[in-house]
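The structure appears below as structure tokens.
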There are 2 protein chains.
Amino acid sequence: MAQAAGELTLNQSQVLGHLRAANAPMTAYQLLGRMQNDRGAVAPPTVYRALKALEEAGLIRRIETLRAWAPVATVRPGVVVICDDCGTVRGVEAPGLLESLHERLVAEGFAEARKTIEVHGRCGDCAEDRA
Amino acid sequence: MAQAAGELTLNQSQVLGHLRAANAPMTAYQLLGRMQNDRGAVAPPTVYRALKALEEAGLIRRIETLRAWAPVATVRPGVVVICDDCGTVRGVEAPGLLESLHERLVAEGFAEARKTIEVHGRCGDCAEDRA
DNA sequence: TGGATATACGTTATAGTATAACATAGCGCA
DNA sequence: TGCGCTATGTTATACTATAACGTATATCCA
Ligand SMILES: [Zn+2]
Ligand SMILES: [Zn+2]
Ligand SMILES: [Zn+2]
Ligand SMILES: [Zn+2]
């Protein structure tokens with residue numbers, strides 16, 4: 001079943017669909033449950049293969065501190081902000097910040113390959129709910 | 001065996017000792033192996049309890065992208081820089097950077113509780129080795 | 001045309017990470 | 001002495017991820 005570059009397989013687009021439909025990151029086994037609802041017997045490697053392909057395609061990322069996965073669309077560019085009350089995750093643009101860190105490391109001879117920046121706390125909406 | 005505030009139990013100081021003696025972060029099960037060498041039968045909760053107490057005491061942190069643990073002394077203030085070749089981890093001071101991100105989030109009404117910033121790549125030494 | 005190769009997926013098993021739940025032992029103190 | 005607190009022991013289990021092998025199908029080209 002060779003795949004044209006840039007196209008998703010059924011497996012991959014189902015996983016991506018579930019992630020996009022969710023309002024919070026999903027764990028691999030939550031996705032597995034959804035896939036089993038859709039299709040009957042599905043085993044973990046099926047989900048993990050889709051996650052790997054989608055990540056390599058730049059369509060999703062793993063939220064390390066949640067051990068869960070989110071579409072990059074909801075998490076854009078580098079800084080991931082997570083509300084521990086409502087579970088929502090969003091991306092914050094901070095290009096200057098990322099660039100200055102990058103320069104810092106270059107100056108020390110470090111060749112940067114991958115950055116993870118995740119901030120936990122409570123979002124404005126949840127703070128209001130407690131007020 | 002009630003414990004005076006600020007003192008470590010034997011269990012905790014053994015775990016901390018192993019982490020401080022290592023030149024790279026250790027996984028919980030690597031620590032478990034060391035503890036078993038030291039003491040015979042040891043089960044996972046023993047290690048995880050020590051890790052939790054040490055983390056709450058501010059003495060260690062979990063390196064999320066490695067699923068492993070390191071003493072804060074080697075990882076100081078916020079930005080964790082990890083060489084994927086030699087496995088070493090160090091902390092980089094970047095107070096301005098952290099502060100500007102903090103202000104950014106405050107301005108949006110987000111109450112920050114915990115930040116994880118981890119950068120993977122190749123350190124200067126390892127780059128030289130390949131030259 | 002037909003065989004070599006490559007990719008995706010199925011299937012089974014297992015590795016690796018973390019916690020729940022309950023039992024025991026020592027200590028401080030009413 | 002009896003009670004409550006904390007740390008640890010012990011057993012079992014939950015949760016996360018990958019190894020290994022098999023099958024089907026598409027593609028390439030001799
Ligand atoms: Zn579905
Ligand atoms: Zn919230
Ligand atoms: Zn030891
Ligand atoms: Zn290195």
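Quick note on labels: first sequence line is chain A, next is B, and so on, each numbered from 1.
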Per [X] side chain, nearest of listed nucleotides [options]:
{"X": "A:Pro45", "options": "C:dA18, C:dT12, C:dT19", "result": "C:dT12"}
{"X": "B:Arg67", "options": "C:dA18, D:dT11, D:dA17", "result": "D:dA17"}
{"X": "B:Asn11", "options": "C:dT17, D:dT8, D:dA17", "result": "D:dT8"}
{"X": "B:Thr9", "options": "D:dT10, D:dA7, D:dA17", "result": "D:dA7"}
{"X": "A:Arg49", "options": "D:dC21, C:dA21, C:dA18", "result": "D:dC21"}
{"X": "A:Gln12", "options": "C:dC9, D:dA17, C:dT12", "result": "C:dC9"}

Quick check on the helix from C:dT1-D:dA30 to C:dA30-D:dT1: what's the angle between its two end axes, five base pairs per end, to the nearest 10°?
0°
Taking the side chain from B:Glu112 and the backbone from A:Val119, do they hold a donor-acceptor pair closer than 3.5 Å?
no
Any donor-acceptor pair under 3.5 Å linking the side chain of B:Gln12 with the backbone of B:Ala50?
no
B:Glu118 and B:Thr65 side chains, donor-acceptor separation under 3.5 Å
yes
Is A:Arg39 side chain donor-acceptor paired with the C:dG10 base, going by distance under 3.5 Å alone?
no
I'd like to know if A:Tyr29 reaches the base of D:dA17 with its side chain such that a donor and an acceptor end up less than 3.5 angstrom apart.
yes
Does anything in residues 44-54 of chain A form a salt bridge (charged side-chain N to carboxylate O under 4.0 Å, His left out)? List the pairs, not counting sequence neighbours.
A:Lys52-A:Glu56
